[in-house]
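The structure under discussion appears below in the form of structure tokens.
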Amino acid sequence: MRALPVRVDAVLVQALIAAALSFAHLHDLASAAGQHGWKAWAYPVSVDLLMVAAWRRLRSGGAKAAGWCWFIVALTASLGANVATAGLLDLNDVPAWLRIVVAGWPAIAFLGGTLLAHGGVREQPAASAPSTATEEPSPHDSAPPAAAPVPPALVALARKVADDHRARTGTPIDTATLRNRLGVPLPLAEAIAARLT
């Protein structure tokens, strides 16, 4: 049997080395900020997963603003850890503000990942060729489209935002205001508003 030649991609090797170093820097920073054991290892995983989810959104061709926003958030977290652990920060005396940022990161990563995973653009059905025969309307044609799946945590957050809006203004929150407050695409805001009624 002939051995298959192994082709080493230099760019892939470089990317793996960079990812490993960034992973280690995030772990070290999380550990220095008081997150020990498995929690220190979970931080770099959450940063990398958020970056991958944002990159996938950018590659999908739709809703690029959300993709860029969360990609920059994840990249900032990664670069911040790289710079902080390069000797610019005393890892034995981490400032309180950085401990707060590290402790708050899981909530940020969860929100970003949820919005990226469940805030996609609805796909338009492919246009079919015109038919020469007269088609009878189906009783299902007038049925409203199925509501987009909404994570329960996002509905709970939206309910708090709606309650706060009602307390401040005395009126129920409209879909446009809800969308702006949550920073979600319009279809997702409409689905959330339907759950609030």
Side-chain angles (χ1 to χ4, degrees), residues 4-121 148-161 180-185 188 192:
L4 294 174
V6 177
R7 181 172 175 262
V8 177
D9 186 341
V11 175
L12 181 58
V13 171
Q14 181 183 21
L16 289 172
I17 292 170
L21 289 171
S22 181
F23 196 91
H25 290 152
L26 281 160
H27 169 270
D28 294 348
L29 184 64
S31 182
Q35 306 298 322
H36 303 293
W38 68 269
K39 292 184 283 186
W41 292 108
Y43 276 84
V45 172
S46 70
V47 171
D48 290 348
L49 287 179
L50 182 59
M51 194 174 294
V52 168
W55 181 247
R56 286 189 60 164
R57 172 60 66 84
L58 291 172
R59 300 273 320 254
S60 72
K64 291 197 175 193
W68 275 115
C69 172
W70 291 106
F71 185 80
I72 289 169
V73 168
L75 185 63
T76 301
S78 182
L79 284 173
N82 293 345
V83 171
T85 56
L88 298 179
L89 178 71
D90 181 3
L91 294 180
N92 294 318
D93 186 24
V94 176
W97 66 266
L98 186 55
R99 289 178 184 273
I100 293 169
V101 169
V102 170
W105 172 257
I108 294 169
F110 175 76
L111 177 63
T114 301
L115 293 177
L116 288 169
H118 298 288
V121 179
V150 182
L154 196 52
V155 174
L157 175 63
R159 197 170 305 283
K160 289 180 184 177
V161 168
N180 289 336
R181 293 282 305 275
L182 295 177
V184 297
L188 184 57
I192 293 169

>> Could you report the tightest heavy-atom contact between Ala40 and Pro44, atom names first, then the distance?
In response: O-CD, 3.1 Å
> Taking it one step at a time, do Leu98 and Leu29 satisfy side-chain contact (heavy atoms from CB on, under 4.5 Å)?
Replying inline: CA-CA 9 Å; Leu98 186 55; Leu29 184 64; 3.7 Å; yes
> With distance as the sole test, does Thr114 use its side chain to make a donor-acceptor pair with the main-chain N or O of Phe110 at under 3.5 Å?
Replying inline: yes
>> Let me confirm one number: the CG-CG distance from Leu115 to Leu182, rounded to the nearest 0.5 Å.
In response: 8.0 Å
>> Taking the side chain as everything from C-beta on, heavy atoms only, tell me whether Ser31 gets closer than 4.5 Å to Tyr43.
In response: no
> Atom CG in Leu50, atom CG in Leu116: separation rounded to 0.5 Å?
Replying inline: 6.5 Å
> Should Asn82 and Leu21 count as side-chain neighbours, where that means a heavy-atom distance under 4.5 Å?
Replying inline: no
>> Working to the nearest 0.5 angstrom, can you tell me the gap between Arg181 CZ and Leu157 CG?
In response: 9.0 Å
>> Please enumerate all residues that pass side-chain hydrogen bond (donor to acceptor under 3.5 Å, both in side chains) together with Ser46, with sequence neighbours excluded.
In response: Trp105
> Closest heavy-atom contact between Ala158 and Ile192?
Replying inline: CB-CG2, 3.2 Å
> Within a radius of less than 6.0 Å around CZ of Arg56, do more than 12 heavy atoms belonging to other residues, nucleotides or ligands occur?
Replying inline: no
>> Show, in sequence, the C-alpha distance, side-chain angles and deciding distance for Val47 and Phe23, and conclude whether the side-chain contact (heavy atoms from CB on, under 4.5 Å) test is met.
In response: CA-CA 9 Å; Val47 171; Phe23 196 91; over 6 Å; no
> What pair of heavy atoms forms the shortest contact from Arg99 to Gly34, and how long is it?
Replying inline: NH1-N, 3.8 Å
> Does the side chain of Val94 reach to within under 4.5 Å of the side chain of Val102, using non-hydrogen atoms?
Replying inline: no
> When rounded to the nearest 0.5 angstrom, what distance separates CG in Leu79 from NE2 in His25?
Replying inline: 11.5 Å
>> For Trp70 versus Ile108, what's the shortest heavy-atom pair and its separation?
In response: CZ3-O, 3.7 Å
>> His27: which residues meet the ring pair (Phe, Tyr, Trp, His ring centres under 6.0 Å) condition with it, sequence neighbours left out?
In response: Trp41
